[in-house]
Amino acid sequence: MFEDWPQACARLKAAEHLALFLDFDGTLAPLEARPEDVWLDSGARRVLGRLARHRQVTLWIISGRRRADARRRVGVRGIHYAGLHGWERDGKTSLPRRVRRVLIDAKRQLATRLETLPGGWIEDKGLSFTFHYRGASNGTFRRARREVRKVSERFRPDLRVLPGKKVWEVLPAEVLGKGAAVLALVAQLPQPALAVYVGDDASDESAFRALPDGLTVRVGRGRSTQARFRLRNPDEVLEFLERVDAEIHQKCKSVKRES
């Protein structure tokens with residue numbers, strides 16, 4: 001992306017308000033074998049803190065994690081957090097009792113079918129669950145894929161499956177995804193607002209599609225994407241955020257001198 005920085009920089013300078021949406025796992029912090037081992041480091045925390053203090057910036061962490069978990073792992077004041085792919089935000093979220101029962105039943109059935117497979121495990125998020133297969137064999141992957149498809153078909157339309165990096169997440173149909181979430185959030189901000197979205201996974205593609213006029217950035221190599229720019233890894237994401245912070249700071253200084 002940095003070869004295209006002048007283009008991005010010009011749009012940042014022209015923006016009256018910046019809506020900055022950041023994924024967490026694989027974007028702000030490197031992926032780990034176990035989700036509980038992923039934390040934001042101090043350097044990224046300092047940059048996010050500076051960005052969150054800018055009056056013309058609204059900063060969101062939008063994650064597949066539960067909102068409280070993402071907030072605990074980032075730990076920066078002034079940031080807004082959206083969990084479960086944007087569905088779980090500041091207000092209370094609830095599911096019909098019937099959907100909760102369906103979710104529990106689906107998790108139990110899948111756990112029974114996959115409990116003997118080596119290298120795979122289920123993460124229970126309460127309002128969703130995720131089957132992880134990072135490090136699993138090809139045989140485990142193929143068997144798990146068949147079983148996940150069977151479960152998704154059996155419980156459709158109440159549940160849906162969202163693929164990710166070495167994971168399948170089973171979600172209530174009420175969770176519409178990050179694209180719907182960012183559109184709703186941008187609509188609440190002072191207009192005109194420039195949306196900047198940075199993410200690394202298949203779940204971020206709906207947000208890229210939803211923001212055709214924004215600065216959308218895919219993190220990682222390979223895979224076709226709807227994003228307009230690319231960064232290679234979380235280290236480059238941090239460099240990008242530092243540049244964004246510097247441009248906004250310089251813009252604010254210029255406005256003060258003019259006034």
Side-chain angles (χ1 to χ4, degrees), residues 22-40 61-74 81-89 93-95 99-181 199-207 219-220 223:
L22 304 172
D23 179 43
F24 178 58
D25 296 83
T27 297
L28 287 173
L31 294 171
E32 300 286 353
R34 304 286 297 195
E36 60 267 28
D37 293 333
V38 181
W39 296 88
L40 192 68
I61 302 297
I62 183 164
S63 172
R65 293 175 180 266
R66 294 296 301 270
R67 179 175 180 270
D69 187 33
R71 184 173 185 172
R72 182 167 64 95
R73 292 176 185 280
V74 173
Y81 296 87
L84 289 181
H85 306 282
W87 184 69
E88 190 180 35
R89 302 201 283 270
T93 53
S94 62
L95 288 173
V99 176
R100 286 179 177 269
R101 288 197 299 266
V102 167
L103 194 63
I104 292 171
D105 193 15
K107 181 180 63 179
R108 182 170 56 245
Q109 288 191 28
L110 194 60
T112 299
R113 293 171 181 270
L114 299 179
E115 62 183 355
T116 61
L117 289 182
W121 59 283
I122 290 178
E123 177 191 7
D124 187 355
K125 299 181 183 179
L127 297 180
S128 71
F129 66 90
T130 302
F131 180 76
H132 294 257
Y133 58 92
R134 186 176 301 277
S137 67
N138 289 335
T140 292
F141 165 75
R142 289 191 294 269
R143 167 79 183 280
R145 181 174 58 186
R146 288 196 299 269
E147 298 300 340
V148 169
R149 284 176 176 172
K150 289 179 183 177
V151 167
S152 67
E153 291 170 0
R154 182 173 298 118
F155 292 99
R156 190 178 295 156
D158 295 309
L159 304 180
R160 66 189 187 96
V161 176
L162 186 65
K165 287 186 175 178
K166 303 295 184 179
V167 301
W168 290 296
E169 185 161 11
V170 181
L171 295 154
E174 285 83 350
V175 180
L176 299 179
K178 294 182 176 181
D200 77 305
D201 211 344
S203 62
D204 300 300
E205 290 295 327
S206 65
V219 182
R223 185 183 174 91

For this session: Tell me, yes or no, whether the heavy-atom count around R71 atom CZ, taken from other residues, nucleotides or ligands under 6.0 Å, exceeds 12.
Result: no
Problem set entry | Heavy-atom donor-acceptor pair, R89 side chain to G86 backbone, under 3.5 Å | yes
Exercise. What's the spacing between D158 CG and R101 CZ if we round to 0.5 Å?
Worked result: 10.5 Å
Problem set entry | For the student: nearest non-hydrogen atoms of V161 and S152, plus distance | CG2-CB, 3.3 Å
Problem set entry | Heavy-atom donor-acceptor pair, R73 side chain to F24 backbone, under 3.5 Å | no
Problem set entry | Pair R149-R146, side chain to side chain contact (heavy atoms under 4.5 Å, CB included): steps then yes or no | CA-CA 5 Å; R149 284 176 176 172; R146 288 196 299 269; 5.9 Å; no
Seminar exercise, completed: Heavy atoms of S203 and L162 approach each other most closely as CB-CD2, 3.7 Å
For this session: Nearest 0.5 Å please: distance from the OG1 atom of T140 over to the CG atom of L117.
Result: 5.0 Å
Scan the side chains in residues 168-180 for donor-acceptor partners under 3.5 Å anywhere in the protein, sequence neighbours excluded, and list what turns up.
from	atom 1	to	atom 2	distance (Å)
E169	OE1	H85	NE2	2.7
E169	OE2	K125	NZ	3.1
E169	OE2	S128	OG	2.9
K178	NZ	D23	OD1	3.2
K178	NZ	I62	O	3.4
K178	NZ	D204	OD1	2.9

Problem set entry | E123 side chain reached by V167 side chain, heavy atoms, under 4.5 Å | no
Exercise. Would F131 and E147 count as a side chain to side chain contact (heavy atoms under 4.5 Å, CB included) if you check the C-alpha gap in whole Å, the side-chain angles of each, and the deciding distance to 0.1 Å?
Worked result: CA-CA 11 Å; F131 180 76; E147 298 300 340; over 6 Å; no
For this session: Report the distance from atom CZ of F129 to atom CG of L159, rounding to the nearest 0.5 Å.
Result: 7.0 Å
Exercise. So, for V219 and G26, which heavy atoms are closest and what is the spacing to 0.1 Å?
Worked result: CG1-O, 3.7 Å
Problem set entry | Which atom of A106 lies closest to which atom of V151, heavy atoms considered | CB-CG1, 3.9 Å
For this session: Kindly indicate whether the side chain of R143, heavy atoms from C-beta on, has any atom under 4.5 Å from the side chain of Y133.
Result: no
Problem set entry | Gap between atom CG of L31 and atom CG of D25 - 0.5 Å precision | 6.0 Å
For this session: Kindly indicate whether the side chain of H132, heavy atoms from C-beta on, has any atom under 4.5 Å from the side chain of R34.
Result: no
Exercise. Looking at K107, R66, R108, which one forms a salt bridge (charged side-chain N to carboxylate O under 4.0 Å, His left out) with D124?
Worked result: K107
For this session: Give a yes or no on this: more than 12 heavy atoms of other residues, nucleotides or ligands lie within 6.0 Å of atom NZ of K166.
Result: no
Seminar exercise, completed: Closest heavy-atom pair, A202 versus P163, reported as atoms and distance to 0.1 Å, is CB-O, 3.6 Å
Problem set entry | Set of salt bridge (charged side-chain N to carboxylate O under 4.0 Å, His left out) partners for D201, sequence neighbours left out | none
For this session: Check for a donor-acceptor pair, side chain of W39 on one end and backbone N or O of E36 on the other, with a separation under 3.5 Å.
Result: yes
